[in-house]
Amino acid sequence: MALVLYNTLTRKKEPFEPLIKGRVGIYVCGVTVYDESHLGHAKSAINFDVIVRWLRHRGYDVKHVTNFTDVDDKIIARANELGIPALELSQKMIEGYHRDMDMLRIERASVYPKASETMPDIIAMVRGLVEKGYAYESNGSVYFSVRRAKEYGKLSGQKLDDLQTGARIEPGEDKRDPMDFALWKAAKPGEVAWESPWGKGRPGWHIECSAMCLKHIGKTVDIHGGGTELIFPHHENEILQSEAYNDAPFVRYWLHNGLLTIDEEKMSKSLKNFFLIRDIMKRYRPEVVRFYLLNASYRQPLEYNETSLEEAGKALDRLQNTYDMMISAAKNASGEDDAVDICDKAWKEYEARMDDDFSTREAIAVMYELSHEANRLLSEGRLGSRGAENIIGVFDKFNEVFDVLAGERLGEDLSGKLIDLLLLVREEARKRKDFAQADVIRKRLSELGIEIQDTQDGAVWKRK
RNA sequence: GCCGGGGUGACAGAGCGGCCAUGUGGCGGACUGCAGAUCCGUAAACAGGAGUUCAAAUCUCCUCCCCGGCCCCA
């Protein structure tokens, strides 16, 4: 079964074939680092984290590039408020971003280019576009001439003439067409700026991504990702620049993640309806946050409300509980069933769901089913230790991509053996109906972070 | 207005032509010294209207409603 993914460019699912067999170059639009990251940023990062992990699972050699926009109006404005240099602010925010995303177990990208460190490439591209006649200089700024582009709107479906009504030219700008956009912006006094053939200035919004794609991946990238709000105009304009400059198709597959919403409105700074990752993490484990954000199609908006994280936590506990039970059962289960059939079925189904445009929600549903069947085998006393091992194997493979289960094998060291011994003592107490003794052992272990559960096959324990 | 994406049970969310989604919650059982977990069973939905079809949440058309984008900026 081949990997199929939904391409925003064609508005349909297509079999995935990278430009070079076995290798994938993926570029995901990152954040503008003027403030701390909120849960909406986490959704995007986790969606693409799982996509990259799945591509690797499928055997691809993946180069993942995510940028930091560390120079822009908002950063400059915020830095001025705080009275610090713009690049100092953005560097601080980048550190915060990594701190948040590391906590969420998001694998680091292969490279995190910054706009401020990509200047030679950006300037070269702008100059090239001017030389080829796609762009023009005006009062120290450089604009891309949309009327010169071969095709306009192939990603977003927008027609240039329909857009004319809204656009206008700001005083001081010198665009030839209202829809033209800045490749290079002349510096205003006091702003952070770089030398260029057009005088001091800084890059326009869209150009850094085009330059970074070329520098770190090549003329054509296999996958370009970002939030749906970036489709227009940002990604549209990237296409214009890159294809004009490179004379090559820019992107093979465009992937866009749906936004996180609250009361059906997107989570954003400007609406003040956001939750910082840092604050969420004070109340919920990172695994729960990951699990919650993967409980939907990456492409659709996801509605956040007060109870959704609670529910995700309970649902995840269900899988975790089965996993813990299986680890225990692998040591002492006494049945015959090796569970090979249900494991094979589950894993095949799981892979098929993931291959179908990374349907994480359905893949999770497969895991619930496996969990269900495993629990039944166990409760009916039919599961063998071999079977428990097989089920653990599927959970482990699942977890390599989702990374939501606490996976450490417990009980192999001395403290684990001592706990087993205490359970034995407790079991003796229970047999002679000394429940006070039994409950004390359970309570004291609980205080030490060890949770006991009595089952048909005896007690099992796990770290809380 | 234009370009996209949507409207599914109490909530969150799959499915996109015929079969149980799933999870949380509800209800009824089982197990149990108590906890917890688990198991068995059960109720509950496809915005509205027309059409296509033997058969439609699923396809077509119309209506209503919601979200994202359409100056700058992510």
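Computed from a predicted model, the values in this text were never measured in an experiment. A, B, ... follow the sequence lines: proteins, then strands. Residue 1 opens every chain.
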- Task: Look at the side chain of Arg318(A) against the base of A37(B) and say whether a donor-acceptor pair falls under 3.5 Å; ignore hydrogens and angles.
- Result: no
- Of the candidates C70(B), C34(B), A14(B), the side chain of Ala296(A) sits closest to A14(B)
- Indicate whether OP1 or OP2 belonging to C39(B) is found under 4.0 Å from a side-chain N or O atom of Asn375(A). yes
- Task: Figure out the CG/C1' separation between Leu302(A) and G6(B), and round it to whole Å.
- Result: 14 Å
- No-H, no-angle donor-acceptor pair, Arg376(A) side chain to C40(B) base, under 3.5 Å: no
- Task: Could you tell me whether the phosphate oxygens of A74(B), OP1 or OP2, come under 4.0 Å of any side-chain nitrogen or oxygen in Trp205(A)?
- Result: yes
- Message: When you measure only distances, ignoring hydrogens and angles, does the side chain of Glu311(A) come within 3.5 Å of the base of G23(B) through a donor and an acceptor?
- Response: yes
- Message: Anti or syn, where syn is a glycosidic angle within 90° of 0; which label fits A57(B)?
- Response: syn
- Separation of Asp454(A) atom CG from C31(B) atom P, in whole Å? 17 Å
- Item | Spacing of the C1' atoms in A30(B) and G48(B) (rounded, Å) | 45 Å
- Side-chain atoms of Gln300(A) come closest, of U38(B), C73(B), A14(B), to A14(B)
- Is the ring of Phe435(A) stacked on the base of G33(B), with centres less than 5.5 Å apart and planes under 30° off? yes
- Message: With salt bridge (Lys or Arg N to Asp or Glu O under 4.0 Å) as the criterion, how do Lys114(A) and Asp70(A) come out once you've worked through the C-alpha distance, each side chain's angles and the decisive distance to 0.1 Å?
- Response: CA-CA 6 Å; Lys114(A) 299 176 208 166; Asp70(A) 64 346; 5.4 Å; no
- Relative to each other, are the rings of Trp254(A) and His256(A) parallel, tilted or perpendicular (30° and 60° limits)? parallel
- Rounded to whole angstrom, note down the P distance from C27(B) over to G18(B). 34 Å
- Geometric class of the Trp198(A)/Trp184(A) ring pair [parallel <30°, tilted 30-60°, perpendicular >60°]: tilted
- Task: Using the salt bridge (Lys or Arg N to Asp or Glu O under 4.0 Å) rule, take Asp357(A) and Lys13(A) through it: C-alpha gap first, then chi angles, then the decisive distance, then the call.
- Result: CA-CA 8 Å; Asp357(A) 197 36; Lys13(A) 289 182 185 174; 5.4 Å; no
